[in-house]
Amino acid sequence: MTFSLAVYRRFDLPLAAAVFLLVGVGCIIQFSLSGATLSFFWRQLIAACIGTILAVVVAGIDYRAAYGWRRWLYLGAGVLLVGVLFLGT
């Protein structure tokens, strides 16, 4: 697969700011409504940060290069979904 930095030159900063704002507000609302401890809030915030980092990395992959891996990616996604079905809480 090919990783291209050209994707980041056209990065939409207002859209990214809106997404970060919504994720932050969502974490705060979830914390306030659940009555959970502060450790639950931090765990959700860390998961959001990891997801953001992974999304930025995946955005740099050229989709035409990933086309050759489409069957394996589809199979892997299906395996992960079945795993969540049986092992998720």
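Every value quoted in this text rests on a predicted model; they were computed, and no experiment measured them. Values reported hereafter were calculated over all heavy atoms of this structure, with side chains retained and with hydrogens, waters and symmetry mates removed.
Arg70 CZ: more than 12 foreign heavy atoms inside a 6.0 Å radius.
Within the 4.5 Å cutoff, the side chain of Leu75 has heavy atoms near those of the Trp72 side chain.
The structure places CG of Leu81 at 12.0 Å from CZ of Phe86, a figure rounded to the nearest 0.5 Å.
No continuous path of ILVMFWY side-chain contacts below 4.5 Å connects Phe20 to Val23, so the two sit in separate hydrophobic clusters.
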Identify each donor-acceptor pair in which a side-chain atom of residues 43-59 lies under 3.5 Å from a protein atom, sequence neighbours left out, and give them as a table.
residue : atom : partner : partner atom : Å
Gln44   : NE2  : Gln30   : OE1          : 3.3
Thr52   : OG1  : Ala48   : O            : 2.8

